[in-house]
Structure formats: structure tokens, C-alpha cells
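Note sheet for the following structure.
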2 protein chains.
Amino acid sequence: MANRIITDEAFLITALDLFRTYGFEGVSLKQLADATGLEKASLYYRYPGGKDEIVLAVATAVSQWLETNIAAPLAGPGTPRKRVACVVERLRELYCGGTKSCVIDVLSIPGGSPELKTGLKAAMQSWLNAYVEIAKECGLTPVQARHRAEEAMVRFEGSLVLARVLGDTSAFDRTLKLLPDLLTVA
Amino acid sequence: MANRIITDEAFLITALDLFRTYGFEGVSLKQLADATGLEKASLYYRYPGGKDEIVLAVATAVSQWLETNIAAPLAGPGTPRKRVACVVERLRELYCGGTKSCVIDVLSIPGGSPELKTGLKAAMQSWLNAYVEIAKECGLTPVQARHRAEEAMVRFEGSLVLARVLGDTSAFDRTLKLLPDLLTVA
DNA sequence: GTCTATATTAAGATAGAC
DNA sequence: GTCTATCTTAATATAGAC
């Protein structure tokens, strides 16, 4: 712990930013080393499995973030509409107003370990389930709630793709504005 | 032309399939050579600019495909609804029922030349404009038509992301089913 | 626990034979 | 126009000093 010049948490935040931007194949250990101020050999000390293990740690951290900032608030106190509004603002922040890509999307392009693929799928399913639960709470049938949840996710991911391709976040802004009605109005 | 063992068109189709699956950084010249039956040196003879030039040729071919199979049918004869239905079936085919990613999406992750980025953006804008025109033809205001077009694109790209992450094309199927109403009903 | 140095492999790219 | 052979660079990964 003595000579550590970057915490594990800060390391993972920096790594997340690289992976969501350039994808698994687009990020090298040298980039990770330069961006975090560590040498490549130090990365192997922390993550003996190399890039596969680092990206898996990033995916795990993202899953935890989603649990804390999406699933928990959606299941917590307050009116359903206010809970969704709160989640929308956290999403706006994490995705920097639509200027940053979704790491689940970008890392789902083949390249990492099978564990990564499984972890990303589980993260999105848990995110979707949180949407389903609040929609059911608002009076929608299980099937309707599932469709609304998937529509919310589809629109969110799709608007991030448009923002990346077109360099225009207006569709992302409209999507976020729509989410409360989509998930809470029966 | 004598010893050519794969046509330019077949070469680009094979290259497209690799790039849409693995992304720019995820495809090597060796993969391209193996998949097309040519040696790396032959790829450089056809495309002296290397991978950058190959992926740009792929993007150009995709732009032409979109012009022929999306823009032209949408502006052609028949009722607006039938024209959209026709386009939907071509999209279903090109994207293999949702099991293949969108090359514009996947290649928009940083990695290629600035020309690639510009070409992808132009391709999506032209696709969007074709949607806008048919929506206006059906009585929507320019602003409404623009929003419907963007919603159609957002849902299309988003449902492909979900299909890739979750391995489930049901959201993609629902999106295609929705497109005629979305683009033609005022 | 991080560093410098290096081994190993694979990538992009070119020269020259056929 | 494609091939084999090779060059150069950069990637992953490890050994051992501090």
C-alpha cells in the first residue's frame, strides 16, 4: 500500500473511461499504464490476468454502480415518478449528457473473455429488471412492463449510438425526458 | 484481372461481415486475408492504404447499399406504408433478423481515419433524411417528421445493441413491426 | 508494490519473384 | 495480380532490481 500512486477505485474509473471510448480491442496496456500513471508491470501485479482481468474488474464495478444508482433508487422511497427522475439525472451524469458511450454496448463487441460477455449480459438484465419492477408497481401488466422496460433500454442505447455517430445529443436529451412517462404512466 | 480469385464485391461483403462483428480494431489484415483467400500483400495491392482504405471502401459500399435499398424505395412508387414495409424487409435481411450488428454503429467507435468517421455520419444522415421525407409526405410537420425519423433510427440501433448484449432479438422484431406506423401515421 | 529491462508474439507494411 | 519472404513496430507478458 506504501508506494501506490493511484487507488484501485481511481484506476478502474480511468480504465472504464478508456474502454467505453475505444472498446476492448482499441485499448492497449500501454494506454492503460500511461493514463493511470503506472507501468505495465505494475498492472500485471494488480491484475495478473492482464487486460482480460482489468476489463472484467471494470465490468464488475459498473454492475455495482448500476445496482447502487439504478436498482436501489428505483426500489426505494418516494413516488415512482420522482424515483425515475432521480435515476435519469444519474444516468445523464454517468453518460456526460450523451457524449460518452455505454460501456456495456461497446464492450459487447467480441474481444474479451466469455466471463466478460456473461457479466455484461447480467448487468443489462438486472438494469432491465429494475425498470420492469417499477413499471409493474405503476399498474402495468408483467408483459406490458417488460415491453416498456425494453423500450426504455432500446431508446437509451440507441440514442447514445446516434450521439456517437452524429455528434449530436439532442435525441439522447429527448429520450431522458421521455423515461418517466415511459416507465410510470399506465 | 487474370488470377483474381475473389471479386471486389465479394471481398467487400466478406470484409463488411468482419468489421460489423469485430469492429475496426478487432479485425487484422491476417483475418481479412484468411477470410477472403488472398494474401496480405495482395490486399495492399488492391488497397495501398491498408486497413484504413479497406474499411473506407466497406463504408462506401454500405452507403451505396443504403441509397439503393432505403432511400430509393422510400422515394419510389406505391403507398408510403407499402414502401416502408418493403424497406423493413430489406433491413431485416441485411441485419439477419437482428443477429448482426450495424456496421455504422460498430465502426463509429474511434479507430479508423477521419474520413471513415465523416462517411459514417453522412450515411446515417442520408438514411435519416429518407425517413424524414416519407414522414413529411404523410402529413407530419418538418419538426415532427424529424423526431419520428430519429426515433425510428434510435429504436433500430438500440434494439440491435440489446440483441448483441442479451442474445435476444425480440426487441428488434418489435421495432421492425413498429416502423410503418412510426413513419407514416400522422 | 512499483520500477526497468527484456522476451515473445503478432500486427501493419514493403520488396521482389512469378 | 498474387505470391513468399522479410522488415519494423507495437502488443502482451515476465524477470528481477529496488
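Convention: sequence-line order gives letters A, B, ...; per-chain numbering from 1.
- As rounded to whole Å, 18 Å separates atom P of dA10(D) from atom CD of Glu25(A).
- With salt bridges taken as basic N to acidic carboxylate O contacts below 4.0 Å, none links Asp173(B) and Lys177(B).
- The pair Lys136(A)-Glu133(A) counts as a salt bridge, with a side-chain nitrogen and a carboxylate oxygen less than 4.0 angstrom apart.
- dA13(D) atom C1' lies 14 Å from atom CD of Glu53(A), rounded to whole Å.
- Taking the side chain of Arg46(B) as heavy atoms from C-beta on, and the options dT2(D), dT12(D), dA13(C), the nearest nucleotide is dT2(D).
- The distance from atom CG of Leu29(B) to atom P of dC7(D) is 19 Å, rounded to the nearest whole Å.
- In this structure, OH of Tyr44(A) is placed 12 Å from C1' of dT8(C), rounded to the nearest angstrom.
- Within a 6.0 Å radius of CZ in Phe24(A), more than 12 heavy atoms belonging to other residues, nucleotides or ligands are found.
- Between the CG atom of Leu43(A) and the P atom of dA11(D) there is a distance of 13 Å, given to the nearest Å.
- Look at CG on Asp52(B): it is 16 Å from P on dA11(C), rounded to the nearest Å.
- Salt bridge annotation for Glu137(A)-Arg83(A): present, with a cationic side-chain nitrogen under 4.0 angstrom from a carboxylate oxygen.
- Listed nucleotides: dG12(C), dT14(D), dT2(D). Nearest to the side chain of Tyr45(B): dT2(D).
- When all heavy atoms of Leu12(A) and Ala57(A) are compared, the closest pair comes out as CD2-CB, 3.8 Å.
- With Asn69(B) as the partner, the side-chain hydrogen bond (donor to acceptor under 3.5 Å, both in side chains) test is satisfied by one option alone out of Glu89(B), Arg90(B), Gln64(B): Arg90(B).
- Relative to the side chain of Lys51(B), the nucleotides dT12(D), dT2(C), dG12(C) differ in distance, and dG12(C) lies closest.
- Between Phe11(A) and Tyr47(A), the ring center distance clears the sub-6.0 Å criterion.
- The CZ-C1' distance, from Phe24(B) to dA11(C), rounds to 12 Å in whole Å.
- The interatomic distance linking Tyr47(A) (OH) with dT2(C) (C1') rounds to 15 Å, in whole Å.
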Show me the protein contacts with nucleotides 3-5 of chain D, counting only N or O atoms at under 3.5 Å.
residue : atom : partner  : partner atom : Å
dC3(D)  : OP2  : Glu39(B) : N            : 2.7
dC3(D)  : OP2  : Ser42(B) : OG           : 3.0

